[in-house]
Amino acid sequence: MFVFEVEGKDVNSFARCGKIVTGHGVIQTPVFMPVGTQATVKALTPDDLYELNINVILANTYHLYLRPGADLISKARGLHSFMNWNKSLLTDSGGFQVFSLSRLRQITDEGVYFRSHIDGSRHFLTPEMVMNVQQQLGADIIMCFDECCAYDCSYEEAHNAVTRTTKWAERCLSAHEPEGQALFGIVQGGMFEELRSKSMDQLIPLDFPGYAIGGLSVGESKDDMYRVLSFTAPKLPDDKPRYLMGVGSPEDLLQGVKNGIDMFDCVLPTRLARHGSAFTSKGRITVRNFTFAEDFSPLDDECDCYVCKNYSRAYIRHLIKAGELLVHRLLSIHNLYFLENLMKNIRNSIKIQKFNEFHHDFLVKYNSSSNARN
RNA sequence: GGAGGGAUACCCAAGCGGCCAAAGGGGGCAGACUGUAAAUCUGUUGGCGACGCCUUCGAAGGUUCGAAUCCUUCUCCCUCCA
């Protein structure tokens with residue numbers, strides 16, 4: 001089951017709000033999806049996530065294929081059951097790993113030769129195989145196997161990646177057994193408007209139930225990212241969810257929504273958490289820093305999360321300095337709460353036609369503090 | 001009382017005549033992090049009016065063009081023998 005409905009549109013931007021319904025529940029959009037690459041959102045239990053009102057998370061096909069293996073997860077009656085997650089699940093195809101672990105692979109039209117980052121063993125990934133694995137995992141939304149290229153790649157490289165991504169998208173579609181799982185296409189094209197258009201022209205006729213924008217937030221400047229976003233997102237089908245892959249800083253989420261994006265995923269909140277930083281309404285803070293040693297106020301005095309209601313910056317800093325694992329949990333809870341709260345406010349602002357105002361006000365405050373930076 | 005071993009920067013610990021303001025850890029401080037090879041990575045960590053100068057390797061003397069490195073004495077610590 002997969003349904004997408006637009007329920008409200010902002011008249012002053014491309015922003016819209018709505019809902020996605022899968023076999024595992026309703027997802028209000030725009031939505032931020034936490035990343036749980038290895039079938040776990042690091043440091044958190046599913047109950048923690050339910051508590052945070054999170055209705056969809058990501059897992060990664062490439063990582064789970066290598067370990068523990070798709071057959072094993074299949075024997076466990078699928079990923080939902082295996083990891084004890086009963087809300088919606090999206091699996092990324094592994095296309096990004098082909099990019100980020102690029103030293104270990106060789107790409108051909110047929111597929112990708114790959115060496116495992118775990119034990120060096122050889123693997124050959126094809127679109128068909130990736131579809132098969134994703135089917136075994138059983139997520140509600142699955143992704144095409146795509147080729148992501150670096151932000152500074154040449155026109156020719158980006159062009160080749162677009163062509164290959166389209167061919168692979170067609171093969172993914174043929175290999176896809178539709179029941180229960182929605183397969184999304186992924187638009188590539190680097191920083192080139194022409195190629196982004198070409199990619200969309202080729203993928204839109206394939207009529208995927210949703211479209212993702214890949215190849216952004218891979219190191220390019222914010223100007224570049226926003227530029228690509230502006231000439232890509234609004235041109236994706238209006239009646240289907242648009243998913244900006246890999247984006248998760250508050251300012252980028254707002255910019256994405258403004259351009260009509262409905263879904264985001266990002267490791268940023270959970271990674272920052274494990275590395276000792278927190279989002280606050282006045283900007284990002286590095287809680288690890290000395291300046292917070294005797295700061296007995298909450299991470300964010302405007303936040304109502306469990307962590308802000310119960311713990312001080314000084315205590316959290318102490319946990320970081322002491323290497324205590326609890327801090328991963330506490331900061332992950334806070335950072336995810338912060339983003340989910342942001343998305344909730346975004347949805348509400350769209351409903352009442354005040355998105356631009358909210359966007360502006362949020363940024364003014366977010367960029368205001370002297371000890372915070374973005 | 002006798003015989004050895006040791007004292008190095010915030011901590012541990014290399015160095016054993018010049019290339020040593022002194023390796024490497026740890027700790028401290030700071031920076032980075034955007035479809036997670038990430039509880040990770042990077043920088044920095046004696047003082048300055050810094051491509052140079054000043055003060056440092058237990059203390060005080062000495063040898064040498066030159067000492068953390070060699071010699072003498074002293075202080076403290078450890079091991080063994082009485």
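Values below: every heavy atom of this structure, side chains too, minus hydrogens, waters and symmetry copies. A note on names: the letters A, B, ... follow the listed sequences, proteins ahead of strands, and every chain is numbered from 1.
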So, A:Asp223 versus A:Ser221: side-chain donor-acceptor pair below 3.5 Å or not?
no
May I ask you to say what A:Leu216 touches in the nucleic acid, namely base, sugar-phosphate or nothing, with a heavy-atom cut-off under 4.0 Å?
nothing
Distance, rounded to the nearest Å, where A:Met245 contributes CE and B:G35 contributes C1':
4 Å
Please give, in whole Å, the distance from B:A32 P to A:Leu268 CG?
12 Å
Below the 4.0 Å mark, does B:G31 have OP1 or OP2 next to a side-chain nitrogen or oxygen of A:Asn289?
yes
Take the angle between the ring planes of A:Tyr315 and A:His318 and call it parallel below 30°, perpendicular above 60°, tilted in between.
tilted
Using a cut-off of 6.0 Å, state whether more than 12 heavy atoms not belonging to A:Lys75 lie near its atom NZ.
no
Would you say the side chain of A:Arg274 and the base of B:A38 hold a donor-acceptor pair, judged only by whether the two atoms sit under 3.5 Å apart?
no
Distance check, P atoms only: B:A32 and B:A21, in whole angstrom units.
34 Å
For B:G35, take OP1 and OP2 only and decide whether either is under 4.0 Å from a side-chain N or O of A:Ser100.
no
Counter-base of B:G46, judged by Watson-Crick or G-U geometry with both distances under 3.5 Å:
B:C54
Rounding to the closest angstrom, what is the interatomic distance between B:U79 and B:C70 at atom C1'?
26 Å
Taking only the side-chain nitrogens and oxygens of A:Gln97, find out if one of them lies under 4.0 Å from OP1 or OP2 of B:U36.
yes
Taking the minimum atom-to-atom distance to the side chain of A:His328, which one of B:A37, B:A39, B:G35 wins?
B:A39
Using the P atoms only, state how far B:C10 lies from B:G46, rounded to an integer number of Å.
9 Å
Gap in Å between the two C1' atoms, one belonging to B:G47 and one to B:A13, rounded:
24 Å
Which nucleotide sits closest to the side chain of A:Phe96: B:A38, B:G35, B:A37?
B:G35
Whole-Å C1' distance, B:C80 and B:C12
26 Å
Short question: side chain of A:Thr91, backbone of A:Ile142 - any donor-acceptor pair under 3.5 Å?
no
Atom pair distance, as rounded to whole Å: CG in A:Asn335 and P in B:U36
18 Å
With RNA chain B as reference, determine whether A:Leu325 or A:Gly219 sits nearer its 5' end, using the nearest nucleotide of each.
A:Gly219
Check this for me: does the side-chain of A:Asp92 come within 3.5 Å of the base of B:G35 through a donor and an acceptor?
yes
Quick one: on RNA chain B, does A:Gly276 or A:Gly323 contact a more 5' nucleotide (nearest heavy atom)?
A:Gly276
A:His63 ring over B:U36 six-membered base ring, under 5.5 Å and 30°
no
Knowing that exactly one of A:Arg242, A:Lys240, A:Lys235 qualifies, which makes a salt bridge (charged side-chain N to carboxylate O under 4.0 Å, His left out) with A:Asp238?
A:Arg242
When the distance from NZ of A:Lys222 to P of B:A32 is rounded to whole Å, what number comes out?
12 Å
Name the closest nucleotide to the A:His275 side chain, picking from B:C29, B:G35, B:U40.
B:U40
May I ask you to verify if any side-chain N or O of A:Arg284 is less than 4.0 angstrom from the OP1 or OP2 atom of B:C33?
yes
When the P atoms of B:A68 and B:G61 are compared, how many Å lie between them, rounded to an integer?
15 Å
Would you indicate, yes or no, if B:C29 has its OP1 or OP2 atom less than 4.0 angstrom from a side-chain nitrogen or oxygen of A:Lys321?
yes
At under 4.0 Å between heavy atoms, what does A:Glu324 touch on the DNA or RNA strands: base, sugar-phosphate, or nothing?
nothing
For the side chain of A:Arg271, starting at C-beta, report the closest nucleotide among B:G35, B:A38, B:A30.
B:A38
Please evaluate the base of B:G35 for a donor-acceptor partner in the side chain of A:Asp146 within a cut-off of under 3.5 Å?
yes
Heavy atoms only, 4.0 Å cut-off, all strands: where does A:Arg105 land among base, sugar-phosphate and nothing?
nothing
Do A:Thr61 and A:Phe145 have side-chain heavy atoms sitting under 4.5 Å apart?
no
Go ahead and name the base partner of B:C76; Watson-Crick or wobble counts if both distances stay under 3.5 Å, otherwise write none.
B:G6
Can you check the A:Ile320 CD1 to B:G31 C1' distance for me, whole Å?
15 Å
Nucleotide nearest A:Leu104 when distance is taken to its side chain, options B:G31, B:G35, B:A37:
B:A37
With no hydrogens and no angle check, just 3.5 Å: does a side-chain donor-acceptor pair link A:Tyr155 and A:Glu194?
yes
Quickly work out the A:Ile142 CD1 to B:G35 C1' distance and round it to whole Å.
15 Å
Please determine whether a side-chain nitrogen or oxygen atom of A:Asn60 lies at a distance below 4.0 Å from atom OP1 or OP2 of B:U36.
yes
In whole angstrom, give me the gap between the C1' atoms of B:A22 and B:G15.
8 Å
Could you give the CZ-to-C1' distance, from A:Arg288 to B:A38, as a whole number of Å?
14 Å
According to the Watson-Crick and G-U wobble definitions, with both distances under 3.5 Å, which nucleotide is paired to B:G1?
B:C81
Which word best sums up how the rings of A:Phe338 and A:His334 line up, parallel for under 30°, tilted for 30 to 60°, or perpendicular for over 60°?
tilted
Is it the case that A:His123 and A:Tyr62 place a side-chain donor and acceptor less than 3.5 Å from each other?
no
Distance, P atom - from B:A30 to B:C78, rounded to whole angstrom
38 Å
Opposite nucleotide pairing with B:G18, Watson-Crick or G-U, both atom distances under 3.5 Å
B:C65
Strictly by Watson-Crick or wobble contacts shorter than 3.5 Å, is anything paired with B:U40, and which nucleotide is it?
B:A32
CE of A:Met33 versus P of B:U36: gap in Å, rounded?
11 Å
